[in-house]
Amino acid sequence: MPQPILIAVAWPYAQGPRHIGHVAGFGVPADILARYHRLCGNRVLMVSGTDEHGTPITVAADREGVDPQVIVDRYSQVIAEDLRRLGLSYDCFTRTTTRLHAEVVQDLFLTLLAKGYVFRQATMGAFAASTGRTLPDRYIEGTCPHCGHRGARGDQCEACGRQLDPSDLIDPRSLIDGQPPVFRETEHFFLDLPQFAAPLRQWIEAQTHWRPNVRSFSLNLLDELRPRAYTRDIGWGVAIPLPEFAERSDKRIYVWFDAVVGYLSASVEWARAEATPEAWRDFWQNPAARHYYVMGKDNIVFHTIIWPSMLLGYGSGGEFGGGPERPALELPDDIVSSEFLTMESRKFSSSRGVGILVGDFLDRYDPDPLRYYLCAAGPESQDTDFTWAEFVRRNNDELVATWGNLVNRTCSLAQRHFGAVPALGEPQPADRSVLEAVAAGYGVVGGLIASAHLKSALGEAMALAAQVNQYLGEQEPWRVVTRDRDRAATILNVALTCVDNLKVLLAPFLPFSSEQVHRQLGHEGVLTGAPHFAEHPDGGGRSHRVLTGEYGAGVGRWTWQTLTVGQPLLAPQPLYKKLDPSVVDDELRRMGLEPA
RNA sequence: UGCGGCGUGGAGCAGUGGCAGCUCGUCGGGCUCAUAACCCGAAGGUCCCGAGUUCGAAUCUCGGCGCCGCAACCA
C-alpha cells in the first residue's frame, strides 16, 4: 500500500551561493530517499526552500547598500538553479519570504501564544549602535576575560574554548560596524520549552532507530531546557501578528522559528498548487505517514527540540491545522543528520573563501560523479575530507571502471553482435546465480536506503556491478560468440538484464546516468521526471518561482525488470568521463593551494 | 571547560571479545568485449602509546598522545 513519505530538507540560507558541503549534508541524502520511495510507489512530498530572513542577510544588504529583498531574490535564484542542476527532485522548493509562509508562521505563533506556550519577558540584549538591531553573539568580538585572547567572540573564546556572555568581553565591538555594542533591556516573546521537556523526553527515548549521536545529544539538551526567545529586534523577518506590532518595524519573529515552519507552509503551498488544497493533511495529520528530516549536524537542536516543541504545542492547531476535530500534526520519525565535510583538510567557510561552490563544480563536472562522491565518501557518520585526488580516484577507478565500463562493454557486445536484446536460452547455474544476486539487491539496497544507510546501500549496488563484471570475465561472451551464437545470446541477455536492473538500483544515487542507460537499452519514456521551475501564485497578484517536478510520470519501478527480446539497442555512449589526473593540480591552484 | 567523534597495511574505510577485512593503489599473470577499462593471484598491518580485565582484546576498563566536531543569540 502506498505510504505517504514526507522528506523535509533543511533550508539553505540565501546569503550567498552554497558550497558542496551544504548539498552533502542535506541535498543528496534527501534526494536519494525521495527517489527511492517514489520508485517503490510511495507518495513522496519533498519540501524545502531558501531561508531568507535573519541578521546575515541584513548585513549583506547593508554592505551593498541595497534592500534585503535584493539579496534574497538574487541568491534564491542561484541556489535553486544549483539544486536543479544536481537533480534534486523537490516537489516544492520555495522561499520563506512568501505571503503564505508568513500566514502559517503567524498562525503557529498565535496558537502557541493562546495556549500559553509563548510568553513575554524583558531581557538584556546587545544592539548594533549604528542600526539599533539585535546584535547576535557571534557578531561581537572582544578580549576574552579568561585568557586575554583578543579575538574572542560573544558566545565563546576560540583560544581557551570557554563559553562567554557578550557582556563579559573586555573592550567589545561589533563585527558589523566596529562600534561597541549597546546593551539595553528589550522585551521578547519566549517559547516556553520547559513545558515540553517531559513529552520530548518520552518521545526521543522511544526513537531508538535514530543515529546514536543524534539521540544522546538531544537527550542531553533536555536536562537544561530553558525558555528561548522567539523574536529579535530586527526589521527583516515575519511580522508579529498582534495589533500593537502592526505599525512597528523593529521587532520580528526569529529567523529559525520561521524557517522550521517552512516544512509545513511549503507542504500547504504544494497542495494548493496541485489544486488539491487539503492534500498536505495526508502527510501531516496522518499517523501512517513517515517523516524524514535531512540536515547537517549543526541543525539537530532545531529539529529534535524546537520544531517538535512547536508541533506538540500546536497540536491539531489553529487556522491551518483545522482545530480539535483534526489529528495533531505528526512529529519527525527519522532525523537524518550528516556530519561535516571539510575541504582539503580545511573547514568549509563562506566568509574565508574556503569551499567549492555547487555551481562552479557543475560548470566543470557532471552531477552524477559529484553525487557519487558525496554519497560514497561523504560525511554520513563522521566528518570527512573532500580532496580532489579522492574525487578523481572515485570517478575513474570506481564509477568509470566498475559501473560505466560494465554498461559500455555489455551494450557494445550486444549491439555489435545482435543489434537488439538477444534471446535467452536455457540458463546455466552461473547465469541463475548472477541474476539472483542482482534480484536480491532490491531488498538489500532498498532496506539500507529506507533506514538511511546510504553509503552502505550504494556500496552494495556497486558490489553487484562488480559481480556482473566478474560474470562476464568468466563467461567470455566475446569468445563464445564465434563458436556458439545461442550461448552468447544467453550470456548477453543475462548481462543486459543485470544492467537493466542495476540501473534501477542505482537510480536514486545516479539519476542522470540511469536515465541514459534506460534510453541506451531501447526503453520508452523516462525513469523519473526531472525537476524544473514553475511559478506559484502568492496572492495579491504576486508569484514566485519554485522548483518542482512531475516525478510520478516516470516508468521506473523498484522491482525486477524483464527485457523484451528483440528490443533494439542504441549505440552505446560512455556514461562518465574519465578525468585526467592533472585536474587535481588545476583545482588546487584554483583554490589557491599549492599542488602537492 | 563540557559533550561527542576519530586514530586499523601507500590512500579511503569496515570490523565492539575468538585465526585482521573491503574498495582503490602496487607487483605478477590472464583476457582483449570495454573509457589502458575487465578477470585471477601476490606482497604489504607492533589494529596511536602504556597499564589493566579476560583462557583470549583492534574490540571492554583506566591513563596518556594526536587530530576533528559540537556546545541551542551564526544560520
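All heavy atoms count here, side chains included; hydrogens, waters and symmetry mates do not.
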Leu221(A) CG to A71(B) P, straight-line distance once rounded to whole Å: 10 Å
Between C70(B) and C55(B) - C1' atom distance, rounded Å: 42 Å
Nearest-angstrom distance, P atom, C22(B) to A42(B): 11 Å
Check: Trp307(A) ring centroid to Phe302(A) ring centroid under 6.0 Å: no
d(CD, Glu380(A); C1', G69(B)) in whole Å: 17 Å
Interface with RNA chain B, restricted to residues 48-62 of chain A and to heavy atoms under 4.0 Å: Asp51(A), Thr55(A), Pro56(A)
Pairwise C1' distance for A14(B) and A20(B), with rounding to whole Å: 11 Å
Proximity of Phe196(A) and Tyr117(A) rings by center, below 6.0 Å: yes
Gap in Å between the two C1' atoms, one belonging to G15(B) and one to C31(B), rounded: 34 Å
For atom CG of Leu222(A) and atom P of A71(B), their distance in whole Å: 17 Å
C1' atoms of G18(B) and G69(B), separation to the nearest Å: 35 Å
Phe127(A): ring pair (Phe, Tyr, Trp, His ring centres under 6.0 Å) partners, not counting sequence neighbours: none
C68(B) to C33(B) separation - C1' atoms, rounded to the nearest Å: 47 Å
Mate of G63(B) where both pairing distances stay under 3.5 Å, Watson-Crick or G-U: C49(B)
For Lys578(A), all residues meeting salt bridge (Lys or Arg N to Asp or Glu O under 4.0 Å), sequence neighbours excluded: none
Counterpart residues, ring pair (Phe, Tyr, Trp, His ring centres under 6.0 Å), relative to Tyr13(A) (two or more places apart): none
Pair partner, G12(B) [Watson-Crick or wobble, under 3.5 Å]: C22(B)
Partners passing salt bridge (Lys or Arg N to Asp or Glu O under 4.0 Å) against Lys297(A) (at least two apart in sequence or in another chain): Glu339(A), Asp383(A)
Rounded distance (Å) that lies between atom P of C74(B) and atom CD1 of Ile176(A): 12 Å
Acceptor/donor pairs from residues 413-421 of chain A side chains to any protein atom, 3.5 angstrom cut, sequence neighbours excluded:
residue, atom, partner, partner atom, Å
Gln415(A), NE2, Leu569(A), O, 3.3

Set of side-chain hydrogen bond (donor to acceptor under 3.5 Å, both in side chains) partners for Glu187(A), sequence neighbours left out: Arg120(A)
Spacing between Arg232(A) atom CZ and C74(B) atom C1', to the nearest angstrom: 11 Å
Ionic contact status for Asp233(A) with Arg133(A), cut-off 4.0 Å: no
Contacts of type side-chain hydrogen bond (donor to acceptor under 3.5 Å, both in side chains), residue Glu587(A), not counting sequence neighbours: Arg364(A), Tyr365(A), Arg590(A)
Whole angstrom value for the distance that separates P of A75(B) from CZ of Phe340(A): 15 Å
Rounded P spacing from U53(B) to C13(B) in Å: 34 Å
Touch class at under 4.0 angstrom, heavy-atom based, for Ile305(A) against every strand present: nothing
Donor on one side chain, acceptor on other, Asp431(A) and Gln428(A), under 3.5 Å: no
side-chain hydrogen bond (donor to acceptor under 3.5 Å, both in side chains) partners of Ser265(A), counting only residues at least two apart: His101(A)
Pairwise P distance for C65(B) and U46(B), with rounding to whole Å: 24 Å
Gap between atoms CH2 and P, on Trp403(A) and U23(B) respectively (whole Å): 19 Å
With sequence neighbours excluded, residues passing salt bridge (Lys or Arg N to Asp or Glu O under 4.0 Å) with Arg393(A): Glu390(A), Glu398(A)
Rounded distance in Å - CD (Glu460(A)) to P (C22(B)): 14 Å
Nucleotide-resolved protein contact map, nucleotides 29-42 of chain B, B/S/- at heavy-atom distance under 4.0 Å: --SSBBB-SSSS--
Identified pairing partner of C3(B), criterion: Watson-Crick or G-U wobble below 3.5 Å: G69(B)
Strand partner of C38(B), provided both Watson-Crick or wobble distances fall under 3.5 Å: G30(B)
Polar atom pairs (N or O), protein with nucleotides 4-13 of chain B, under 3.5 Å:
residue, atom, partner, partner atom, Å
G12(B), O2', Arg394(A), NH2, 3.4

